[in-house]
Amino acid sequence: MLLSKEITVELHLTGCKLKQYIAVMLRMMDVPLTPEQFMLIDLLWNHGEMTQQQLADQLHKDKNSVTQLVDAIERKGFVVRQRNSNDRRSNTLVLTEKAELLKLDAKRKGILILDRMLNGISEEELRSFLTTLRKLSDNMTVSDL
């Protein structure tokens, strides 16, 4: 198999396995979020209120996918939508008290999951891997086509 094809297949399979692993670990640790919901709510924990479009941009997802994620965490009581006073066509997402109460425990458990996943990999290896991933990402910029 060509090296480039092997890398592409391995990246895809590893991405799928990563999502499954994190989903299982979150359930085992009683964190009531899927991996994608965790990423969305973590952005709100870190940055505060955001519009759905800002979240879509940060997550590299289309607006419809983000709407589905927001609907799910809204049903769970972690966010509320507020009309954006500057643009009535958009909503600003605001964390609820329930989300704030979940924050410290969920972040701690998220770090434990990542630490377990990265066990046995040196900081040097991780930095090299991150550099390579960023180069791959930069090479896939559609505007360059």
Side-chain angles (χ1 to χ4, degrees), residues 4-121 123 125-145:
S4 58
K5 183 177 178 184
E6 193 173 345
I7 289 168
T8 302
V9 169
E10 195 62 37
L11 275 173
H12 174 73
L13 294 175
T14 302
C16 292
K17 190 171 185 176
L18 172 68
K19 188 174 176 179
Q20 291 172 340
Y21 172 78
I22 292 175
V24 168
M25 295 301 291
L26 288 172
R27 277 194 305 273
M28 286 175 56
M29 293 184 163
D30 295 320
V31 177
L33 301 167
T34 67
E36 288 181 318
Q37 292 169 359
F38 192 104
M39 285 187 356
L40 187 147
I41 203 167
D42 193 51
L43 281 170
L44 294 171
W45 283 330
N46 293 335
H47 300 286
E49 298 175 5
M50 296 176 80
T51 65
Q52 286 184 222
Q53 185 60 58
Q54 289 170 321
L55 286 166
D57 294 343
Q58 287 289 314
L59 295 169
H60 301 283
K61 292 193 166 287
D62 62 79
K63 258 181 110 170
N64 291 335
S65 297
V66 170
T67 297
Q68 290 175 356
L69 282 171
V70 171
D71 288 346
I73 63 172
E74 185 177 42
R75 280 192 302 273
K76 291 179 179 184
F78 294 119
V79 296
V80 293
R81 289 176 167 105
Q82 291 184 346
R83 274 278 176 232
N84 186 332
S85 57
N86 297 327
D87 181 357
R88 299 189 74 191
R89 296 169 295 163
S90 73
N91 293 311
T92 299
L93 297 174
V94 179
L95 293 168
T96 64
E97 184 178 336
K98 183 177 179 179
E100 292 299 340
L101 292 172
L102 177 68
K103 180 180 178 177
L104 292 178
D105 188 52
K107 281 185 169 264
R108 183 184 57 78
K109 289 175 179 176
I111 290 168
L112 287 173
I113 291 168
L114 296 177
D115 285 347
R116 181 175 175 206
M117 183 183 72
L118 299 173
N119 186 38
I121 304 172
E123 185 173 339
E125 289 173 303
L126 291 172
R127 289 191 185 282
S128 176
F129 182 61
L130 184 59
T131 298
T132 303
L133 283 175
R134 287 181 175 154
K135 287 179 182 178
L136 279 170
S137 181
D138 290 346
N139 289 343
M140 291 185 282
T141 303
V142 176
S143 63
D144 292 343
L145 299 177

Go through it in stages, so that I can follow the logic: the residues are Gln58 and Met39, the test is side chain to side chain contact (heavy atoms under 4.5 Å, CB included), and I'd like the CA-CA distance, side-chain angles, deciding distance and then a yes or no. CA-CA 10 Å; Gln58 287 289 314; Met39 285 187 356; over 6 Å; no
Check the pair Arg116, Asn119 against side chain to side chain contact (heavy atoms under 4.5 Å, CB included), reporting the backbone distance first and the verdict last. CA-CA 5 Å; Arg116 181 175 175 206; Asn119 186 38; 5.6 Å; no
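Taken to the nearest 0.5 Å, the CH2 atom of Trp45 stands 8.0 Å off from the CG atom of Leu95. Distance check: Lys63 NZ to Leu55 CG gives 11.0 Å after rounding to the nearest 0.5 Å. Atom CD1 of Ile73 sits about 8.5 Å away from atom CZ of Phe78, to the nearest 0.5 Å. Taking CG of Leu93 as the start and CG of Leu44 as the end, the distance is 6.0 Å to the nearest 0.5 Å. If you take OG1 on Thr34 and CG on Leu40, they are separated by 9.0 Å, rounding to the nearest 0.5 Å.
In this structure, the side chain to side chain donor-acceptor pair (under 3.5 Å) partners of Gln54, at least two apart in sequence or on a different chain, are Thr51. For Ser128, there are no side chain to side chain donor-acceptor pair (under 3.5 Å) partners two or more places apart in sequence or in a different chain. Not counting sequence neighbours, the partners of Arg127 by the side chain to side chain contact (heavy atoms under 4.5 Å, CB included) test are Glu123. For Leu126, the side chain to side chain contact (heavy atoms under 4.5 Å, CB included) partners at least two apart in sequence or on another chain are Leu118, Ile121. Scanning for side chain to side chain contact (heavy atoms under 4.5 Å, CB included) contacts around Thr8 gives an empty result, with sequence neighbours left out. By the side chain to side chain donor-acceptor pair (under 3.5 Å) test, Gln82 pairs with no residue at all, sequence neighbours left out. Applying the side chain to side chain donor-acceptor pair (under 3.5 Å) criterion to Asp62, with sequence neighbours excluded, gives Ser65.
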List, one per line, each side-chain donor-acceptor pair under 3.5 Å for residues 103-112, sequence neighbours excluded.
residue, atom, partner, partner atom, Å
Asp105, OD1, Arg108, NH2, 2.8
Asp105, OD2, Lys109, NZ, 3.0
Lys107, NZ, Asp42, OD1, 2.8
Lys107, NZ, Asn46, OD1, 2.8
Lys109, NZ, Met29, O, 2.7

Would you give me the side-chain donor-acceptor pairs under 3.5 Å for residues 16-26, sequence neighbours excluded?
none

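The shortest side-chain heavy-atom distance between Leu136 and Leu11 falls under the 4.5 Å cut-off.
Judged by distance alone, the side chains of Gln53 and Asp57 do bring a donor and an acceptor atom under 3.5 Å apart.
Within the structure, no pair that satisfies the salt bridge (Lys or Arg N to Asp or Glu O under 4.0 Å) test touches residues 22-35, not counting sequence neighbours. Screening residues 92-102 for side chain to side chain donor-acceptor pair (under 3.5 Å), with sequence neighbours left out, gives no hits. Annotation: salt bridge (Lys or Arg N to Asp or Glu O under 4.0 Å) contacts involving residues 71-82, sequence neighbours excluded, comprise Asp71-Arg81, Glu74-Arg81.
Judged by distance alone, with hydrogens and angles left aside, the side-chain atoms of Glu10 form no donor-acceptor pair with the main-chain N or O of Ile7 at under 3.5 Å.
Smallest separation of non-hydrogen atoms from Pro32 and Gln37: O-OE1, 4.1 Å.
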